[in-house]
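These notes are about the structure you will find just below.
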Amino acid sequence: LIPACRKSAALAVVVTVVIASQVFGLLLVITNVGNGTNMVPLDMYNRAFGGGNVSQGVAEAALQVGMGVVLAAVAFVISGNHPGMSGEGEYHESKPSLPATALAFLAGAVLLLPLLWDVLAAFTSGVNAVLRPLTVTWPLNFSSFVTAWNQGIGSGLWQSAVIGGAVVALTLGVGLPAAFVLSGRGMNRVIRALILAILVIALLQPGEAYLIPLYYLLLQLHLGDTLVGLVLAETGRELPFAILLLWIFIRALPSDIIGAAELETQRGFNMLIRIVAPMTAPIAVAVGLWVFVTSWSETTLPNILLSNS
């Protein structure tokens, strides 16, 4: 089994490296920056936005871009002949083993432990939330919720919901037509391959590499420190993922249905709205939920692009 999964495992390693390089917010919160804990994204941020050394920050951003291009090339090489990428190969359902099931439950428990701590600590007052984690005091204490609401958390929740909804609408409004065009039979293969390569490279770029040019670009467009600029920035970050996932799904639609739809409505906006959009509704909902959660939990872009409270 392990030899058969070597390409999938190698691709998973590449994706893990990409995700591990995007730890700017986590590193900023849990460490005191020094020689031992400093990483390229955080050092780039400190040089460009903290020390005024924009040129040095840009140099580090260029290094991250180069790393993203290399990782994208590795991903292309690994996945080029992978059976799962072309729908080939045989897959057999196997019975779950007890050790594997236990390991999966253990991994899930480790991932859920911080979330459980959050929920329990929210109902615990004072230092007990830190000194006595994972304990519940009775009666439940709602003072933290009341205080947060009185100090304006309601407006923050509303703004987060509006921004997340706008990002979802723009991402799906642009991503679905783009994926539909990419899946067209009449599209030149070289152009399609070039567009897909650009999307993959953009997807595998460390997000912090965009911060410096994005910040100054929005200032030049007079969109700095505005919610519109933030929505556009978050939408641009989510589009590569959305377009690629929607393209894979549309490409897998039954060819006979697509062929009949082309004969009836011709390939165009009517076919997208009447045939493709309803058939891709499940994956579109999944993409929308992912984009909304990502936008809701985003901290780096608002901290940099929005200077006021």
Phe180 vs Met271, side-chain contact (heavy atoms from CB on, under 4.5 Å): CA-CA, chis, key distance, verdict: CA-CA 10 Å; Phe180 176 67; Met271 179 178 171; 4.1 Å; yes
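- A chain of hydrophobic side-chain contacts below 4.5 Å, direct or via other Ile, Leu, Val, Met, Phe, Trp or Tyr residues, connects Trp296 to Leu305.
- Both Leu301 and Val228 sit in one connected hydrophobic cluster of ILVMFWY residues. Membership requires side-chain heavy atoms under 4.5 Å apart, directly or through other members.
- Between the CG atom in Leu246 and the OG atom in Ser183 there is a gap of 10.0 Å [rounded to 0.5 Å].
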Criterion side-chain contact (heavy atoms from CB on, under 4.5 Å) on Glu234 and Leu230, from CA distance to verdict: CA-CA 6 Å; Glu234 292 192 6; Leu230 178 62; 3.6 Å; yes
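- Considering only heavy atoms from C-beta on, Leu239 comes within 4.5 Å of Thr235 through its side chain.
- Note on Ile191 and Ile250: same hydrophobic cluster, where clusters join Ile, Leu, Val, Met, Phe, Trp and Tyr whose side-chain heavy atoms are under 4.5 Å apart, directly or indirectly.
- Using modelled atom types, no side-chain atom of Thr280 and backbone atom of Ile283 make a donor-acceptor pair closer than 3.5 Å.
- For the side-chain contact (heavy atoms from CB on, under 4.5 Å) criterion with Val291, the lone passing option out of Leu172, Leu170, Val168 is Val168.
- Of all heavy-atom pairs spanning Pro302 and Glu298, the tightest one is CD-CG, 3.6 Å.
- In this structure, CE on Met279 lies 14.0 Å from CZ on Arg274, to the nearest 0.5 angstrom.
- Under a hydrophobic clustering in which Ile, Leu, Val, Met, Phe, Trp and Tyr are joined whenever their side-chain heavy atoms come within less than 4.5 Å, directly or via other members, Val285 and Ile273 fall into different clusters.
- Expressed to the nearest 0.5 Å, how far CD1 of Ile248 lies from CG of Leu182 amounts to 11.0 Å.
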Verdict with supporting geometry, Thr101 and Phe105, side-chain contact (heavy atoms from CB on, under 4.5 Å): CA-CA 6 Å; Thr101 304; Phe105 273 109; 3.5 Å; yes
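- Between Ile243 and Gly175, the shortest heavy-atom distance links the atoms CG1-CA, 3.7 Å.
- Distance alone, capped at 3.5 Å, places no donor-acceptor pair between the Ser295 side chain and the Phe292 backbone.
- Between Ala166 and Val231, the shortest heavy-atom distance links the atoms CB-CG1, 4.0 Å.
- For the pair Leu272 and Pro177, the minimum side-chain heavy-atom distance is below 4.5 Å.
- From Leu306, atom CG reaches atom CD of Gln159 across 8.5 Å, with rounding to the nearest 0.5 Å.
- Applying the ring-ring contact (aromatic ring centres under 6.0 Å, His included) test to Phe241 and every residue at least two apart in sequence or in another chain returns Trp290.
- For Thr171, there are no side-chain hydrogen bond (donor to acceptor under 3.5 Å, both in side chains) partners at least two apart in sequence or on another chain.
- Counting only residues at least two apart or on different chains, no salt bridge (Lys or Arg N to Asp or Glu O under 4.0 Å) pair has a member in residues 159-180.
- Ile195 CD1 to Leu244 CG: the interatomic distance, rounded to the nearest 0.5 Å, is 11.0 Å.
- Residues Leu221 and Val167 share a single hydrophobic cluster, defined by chaining ILVMFWY side chains whose heavy atoms lie under 4.5 Å apart.
- A heavy-atom distance below 4.5 Å is found between the side chains of Thr294 and Arg237.
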